[in-house]
S.K.: 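Right, I'll just put the structure down here and ask away after.
Below, each value reflects all heavy atoms present in this structure, side chains not excepted, and no hydrogens, waters or symmetry copies. What you see is a predicted model; the values in this text were computed from it and never measured.
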Amino acid sequence: MRSKALIIEEQDNVATALTDLRGGDEVDLDRKGTSERVTVAQDIPFGHKFATSDISAGGMVIKYGEPIGTATAPIGKGEHVHVHNTVSRRGRGDLEGEGAHA
């Protein structure tokens, strides 16, 4: 059976949907040989991220083993992680001087 989502690096706190997911779907994930299950809280479109653990407001969103964004609001396990609750840390010229090149 094809996996519905992918965790890229062990320390990531988000997974990427490999298909459209519906709220309530249970997704089995592989984290470096350890299996875990997350129930998605709402519909997650193909290619979008969802939290694999709770992320507090101001907390780092970790993908590829690197911080890629900051949560602008609390994000619960299984919730959609996107522009409505995250601000990007990549490609931001306004952060260059702050040492935030992540």
S.K.: If you take all heavy atoms of Glu79 and Pro74, which pair is closest and at what distance?
M.R.: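 Reported closest heavy-atom pair: OE1-O, 4.1 Å.
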S.K.: Please name the pair of heavy atoms, one in Met60 and one in Ile55, separated by the smallest distance, quoted to 0.1 Å.
M.R.: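 Looks like O-CG2, 3.9 Å.
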S.K.: Could you check whether any side-chain N or O of Asn13 sits under 3.5 Å from a backbone N or O of Ile62, counting only pairs where one atom can act as donor and the other as acceptor?
M.R.: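 Yes, the answer is positive, given that a donor and an acceptor are paired below the 3.5 Å cut-off.
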S.K.: Within the structure provided, determine whether Val38 and Leu29 are in side-chain contact (heavy-atom separation under 4.5 Å).
M.R.: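 Contact flag for Val38/Leu29 side chains = yes.
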S.K.: Name every donor-acceptor pair, under 3.5 Å, that has one atom in a side chain of residues 14-25 and the other anywhere in the protein, sequence neighbours excluded.
M.R.:
residue : atom : partner : partner atom : Å
Thr16   : OG1  : Lys63   : NZ           : 3.1
Asp20   : OD1  : Phe46   : N            : 2.8
Arg22   : NH1  : Asp43   : OD2          : 3.3
Asp25   : OD2  : Arg22   : N            : 2.8

S.K.: For Ser56 and Ala71, which heavy atoms make the closest approach, and how far apart are they?
M.R.: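 The answer is O-CB, 3.5 Å.
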S.K.: Can you list everything that forms a side chain to side chain contact (heavy atoms under 4.5 Å, CB included) with His48? Sequence neighbours excluded, please.
M.R.: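 Testing His48 for side chain to side chain contact (heavy atoms under 4.5 Å, CB included), a comparison that skips the adjacent residues, returns Ile44, Pro45, His80, His82.
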S.K.: For Gly78 versus Phe50, what's the shortest heavy-atom pair and its separation?
M.R.: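 For Gly78 and Phe50, the tightest heavy-atom pair comes out as O-CB, 4.1 Å.
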S.K.: Can you check side-chain contact (heavy atoms from CB on, under 4.5 Å) on Ile75 and Asp54, steps first, answer last?
M.R.: CA-CA 6 Å; Ile75 304 171; Asp54 292 340; over 6 Å; no
S.K.: Could you pull out all residues at least two apart from Thr72 that satisfy side chain to side chain contact (heavy atoms under 4.5 Å, CB included)?
M.R.: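 Side chain to side chain contact (heavy atoms under 4.5 Å, CB included) check on Thr72 returns Asn85, Val87.
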S.K.: Answer yes or no: is there a donor N or O on one side and an acceptor on the other, between the side chain of Asp12 and the main chain of Gly65, under 3.5 Å?
M.R.: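 Side chain of Asp12 to backbone of Gly65: a pair is present.
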S.K.: Is a donor on one side and an acceptor on the other found under 3.5 Å between the side chain of Arg37 and the backbone of Asp28?
M.R.: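 It does not hold such a pair.
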S.K.: Flag yes if Leu6 and Ile68 sit in one hydrophobic cluster, no otherwise; membership is Ile, Leu, Val, Met, Phe, Trp, Tyr, and two members link when side-chain heavy atoms are under 4.5 Å apart.
M.R.: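 Yes, because Leu6 and Ile68 connect within a single hydrophobic cluster, where side-chain heavy atoms sit under 4.5 Å apart.
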S.K.: To the nearest 0.5 Å, tell me how far Glu9 CD sits from Arg31 CZ.
M.R.: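 One gets 10.5 Å once the value is rounded to the nearest 0.5 Å.
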